2 protein chains.
Amino acid sequence: MPNDEPSAAASPEAPEAATPARRMRGGPKGLRITDVAALAGVAPITVSRVFNSPETVAPETLERVRQVVQKLGYVPNRLAGGLSSSRSRLIAAIVPTIAHSLFSETVQVFSETMSRAGYQVLLALSGYSDSNEETLLDAVLSRRPEGVLLTGVAHTESLRERLRNVGMPIVETWDMTATPIDMLVGFSHHQIGAAVAEHFLRRNVRAPGLVSANDDRALARRDGFRERLAQAGIREIAEVLVAPPSSVAVGKAALSTLIEQAPDLDAVFCGSDLLAIGVLGAAKRMGLAVPSQLAICGFGDLEFATETTPQLTTVRVDGTRIGLSAARCLLDRLAGIDKARVTDVGFHLVERETG
Amino acid sequence: MPNDEPSAAASPEAPEAATPARRMRGGPKGLRITDVAALAGVAPITVSRVFNSPETVAPETLERVRQVVQKLGYVPNRLAGGLSSSRSRLIAAIVPTIAHSLFSETVQVFSETMSRAGYQVLLALSGYSDSNEETLLDAVLSRRPEGVLLTGVAHTESLRERLRNVGMPIVETWDMTATPIDMLVGFSHHQIGAAVAEHFLRRNVRAPGLVSANDDRALARRDGFRERLAQAGIREIAEVLVAPPSSVAVGKAALSTLIEQAPDLDAVFCGSDLLAIGVLGAAKRMGLAVPSQLAICGFGDLEFATETTPQLTTVRVDGTRIGLSAARCLLDRLAGIDKARVTDVGFHLVERETG
DNA sequence: CTGAAAGCGCTTACAG
DNA sequence: CTGAAAGCGCTTACAG
């Protein structure tokens, strides 16, 4: 039974019988370090050392304190510990979403790595709107994390300024910029767009279209796509921008809209693999051969896509590597090691059947 | 420029010239509530009220304090606030993984809902092993969350006992039990297994097999599957258990192993849709017609599966609803509203082409 | 509507 | 290797 209250008698410095004039702040709130200390016959600071620097405690003392901890079921209060030491042992991860997306891989690996290093992860979902990004950041910073993972680089300048000033390690991810706030692990969406354009051009595409979400990174891909096509003299590009989250159904609906814009449409660059699958489905229903009559390129390389839709080309990005690399950046910095500021993990165009 | 230090002169109670005999604990650590209070000409408690109960502050005072907060860029320290008030405003979510899984939907919606209610989510990934579940729980409890979402119900009795004793709202999810720790939102894996067995029996399957991960919930599905088949006189069931994470490749490899065990294999129940896609791919390669020669049932209903693999049957579970419902359970409890202890969200067998 | 004092449960910075 | 005192930055519980 680990729930016996430490009796007043066990406390050597117990004063008179009555409790002193101490205003109660709520009832008893669970075990404190002093409870463990009293039972183990040591000072609170020694119990603290058992948790935070056991190598500085004598073996017998260590053992005795640990037994008491075990018996009582004591769990240190890290709110108090963090406040006192200015080490929250918390890392924040701010991502748009973790549902149906490669971000979930990044967060997964990031979290595992941080966890192994003794940190815990505060998850903050920003959605795709950055209207309330300031509010979200305030909420995150109020926890005093020791580091922050951000998704993307498109923040307002006031935000970037604030983040630079908080003086904690920050990794931006999933994008590329010459002027990161601090560190960056990502790739160029603009380059991806250009690479897909080139892929289409190699296939002698004449009337390419695009369907994607209208977030910053998707738009950067679009711009790269358009620019490369413009170099080849193709300037008329059918385009459907949709609000996130994208889905198979949205992709399906998009194809007819694109064809209305460009009746001779012969290629579609999709903002995600789900959209690509939708476009593929609609193409089949219309009797269009893929990729010979209609080339389709997705983005993200969900594993299933590789397997079930060999007609699709897609752009593979290694979300796992981003998460791992971002975690290492932060951990190195926290360990006082200086780190390369920008890491480009690149991307890979996965071509399938050529039809 | 929000980085001017509040001058000592602005502080009315500034004592002598020299700082008193106060041991420094680290350098200056950023803005404190007293900095805002001094500049706004109010007591710290008033600044506190501006954040925590603005309706109790006079409009002009409110405005003045907010201006100072804005100007200084002050962000309250919630480690301190949480310690002082015993309200951490933190909720923990403990899930096996968020990569490639329906859990990510649950966490997504759970997190969004909690966020809207003013809580932040601490993400703890347990993996599929529960060897270190105690350690993980200690780490979580050390943050003094106000509620916990757990995945599954298969915890050691000592763990269940500890959780019951911490006295905070707890929701178990993604499983079903008659004796939850506190609240539960889930469904019966055993029933799912039985339902899939019945589906196969309706198709006059004779030699069903199973490939799945060997975690608790997958094994519960297996047991339901076997029991229902046993009732129909089918007791020989080819079985491949694999370590998580499951993947398309693992599914592919599994089919030949199953066929070695049962050469006349005519149905496979897969522990996930990725496995099912792998089995489907392998079946095609072997020239087996799906589902006429080999019926395949997955689990999870990833959106793509519905679209790209109409030959597959799958079991749909609403991870989104679980997340939302779990969040509401916790929020209601935190608001003092008593809540139904167990919610069965059920599942849905999605049959496709009968081929 | 506002504030002075005390306390939340730890750890730092010394000191021995 | 161990400990007494002070402090981390807030909020509670009063009091006015």
Side-chain angles (χ1 to χ4, degrees), chain A residues 6 12-13 19-38 40-65 69 74-89 141-144, chain B residues 6 12-13 19-38 40-65 69 74-89 141-144:
Chain A
E13 72 281 356
T19 46
R22 171 180 155 185
R23 307 191 197 192
M24 288 306 288
R25 289 170 58 88
K29 303 219 197 62
L31 294 165
R32 292 151 303 174
I33 202 170
T34 49
D35 299 325
V36 176
V42 296
I45 181 63
T46 299
V47 180
S48 170
R49 288 188 181 113
V50 167
F51 283 99
N52 300 311
S53 50
E55 70 283 0
T56 70
V57 178
E60 296 110 63
T61 311
L62 197 61
E63 182 55 26
R64 186 153 35 96
V65 172
V69 166
Y74 169 72
V75 179
N77 183 331
R78 286 227 198 208
L79 296 173
L83 172 60
S84 188
S85 66
S86 299
R87 304 267 286 118
S88 66
R89 289 276 168 194
L141 293 181
S142 75
R143 304 291 175 181
R144 301 296 188 264
Chain B
E13 70 281 357
T19 46
R22 172 180 154 184
R23 307 192 198 191
M24 288 306 287
R25 290 169 57 87
K29 303 220 196 63
L31 295 165
R32 292 151 304 174
I33 202 170
T34 49
D35 299 325
V36 176
V42 296
I45 182 63
T46 299
V47 180
S48 171
R49 287 189 182 112
V50 167
F51 283 100
N52 300 312
S53 51
E55 70 283 0
T56 70
V57 178
E60 297 110 63
T61 312
L62 197 61
E63 182 55 25
R64 184 153 36 95
V65 172
V69 166
Y74 169 71
V75 178
N77 182 332
R78 285 228 199 207
L79 296 173
L83 172 61
S84 187
S85 66
S86 299
R87 305 265 287 118
S88 67
R89 290 274 169 195
L141 293 182
S142 75
R143 302 291 174 182
R144 300 297 188 264

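Numbers restart at 1 for each chain; the letters A, B, ... are given by sequence-line order, proteins then strands. All values derive from a computational prediction rather than experimental measurement.
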Just checking B:Thr34: base, sugar-phosphate only, or nothing, at a heavy-atom cut-off of under 4.0 Å? nothing
Considering all heavy atoms, the nearest A:Pro54-A:Asn52 contact: CD-C, 3.6 Å
Identify which one of A:Thr46, A:Val47, A:Ile45, A:Val69 satisfies the side chain to side chain contact (heavy atoms under 4.5 Å, CB included) criterion when paired with A:Ile33. A:Val47
Considering only D:dG3, C:dC10, C:dG3, which nucleotide approaches the side chain of A:Asn77 most closely? C:dC10
D:dT2 phosphate, OP1 or OP2: any side-chain N/O from A:Thr61 under 4.0 angstrom? yes
Minimum heavy-atom distance A:Val57-A:Val50, with the two atoms named: CG2-N, 4.1 Å
Sugar-phosphate only, base, or nothing, as touched by A:Ala43 at under 4.0 Å among non-hydrogen atoms: sugar-phosphate
Nucleic acid contacts - residues 44-54 of chain A versus DNA chain D, non-hydrogen atoms under 4.0 Å: A:Ile45, A:Thr46, A:Arg49
Keeping the roles fixed (side chain from A:Ser84, backbone from A:Ala80), state whether a donor-acceptor pair exists under 3.5 Å. no
Considering only heavy side-chain atoms of B:Ile33, the closest of C:dC10, D:dC10, C:dG9 is D:dC10
Which atom names give the shortest non-hydrogen contact between A:Arg144 and B:Val75, and what distance separates them? NH2-O, 2.7 Å
Atom CG of B:Leu79 to atom C1' of C:dG7: distance rounded to whole Å? 17 Å
Dot-bracket for DNA chain D, 5' to 3', with Watson-Crick and G-U pairs under 3.5 Å, [ ] for crossing pairs and | for other-strand pairs: what is it? |||.||||||||.|||
Between B:Val57 and A:Val75, which residue's closest nucleotide on DNA chain C lies nearer the 5′ terminus? B:Val57
Kindly point out which of C:dG7, D:dT12, C:dT11 is positioned nearest to the side chain of B:Ser84? C:dG7
For side chain to side chain contact (heavy atoms under 4.5 Å, CB included), just list the numbers for B:Arg49 and B:Thr61, CA-CA rounded to whole Å, side-chain angles, deciding distance to a tenth of an Å, and then say yes or no. CA-CA 11 Å; B:Arg49 287 189 182 112; B:Thr61 312; over 6 Å; no
Within the distance-only criterion (no hydrogens, no angle test), does the side chain of A:Arg78 pair as donor or acceptor with the backbone N or O of B:Arg143 below 3.5 angstrom? no
For the residue pair A:Ala43 and A:Ala37, what are the closest heavy atoms and their distance? C-CB, 3.8 Å
Given atom CG of B:Leu31 and atom P of D:dG9, what is their separation to the nearest angstrom? 10 Å
Which pair of non-hydrogen atoms, one from A:Gly30 and one from A:Asp35, has the smallest distance, and what is that distance? O-OD2, 4.1 Å
Would you say A:Tyr74 places a side-chain N or O within less than 4.0 Å of OP1 or OP2 belonging to C:dC10? yes
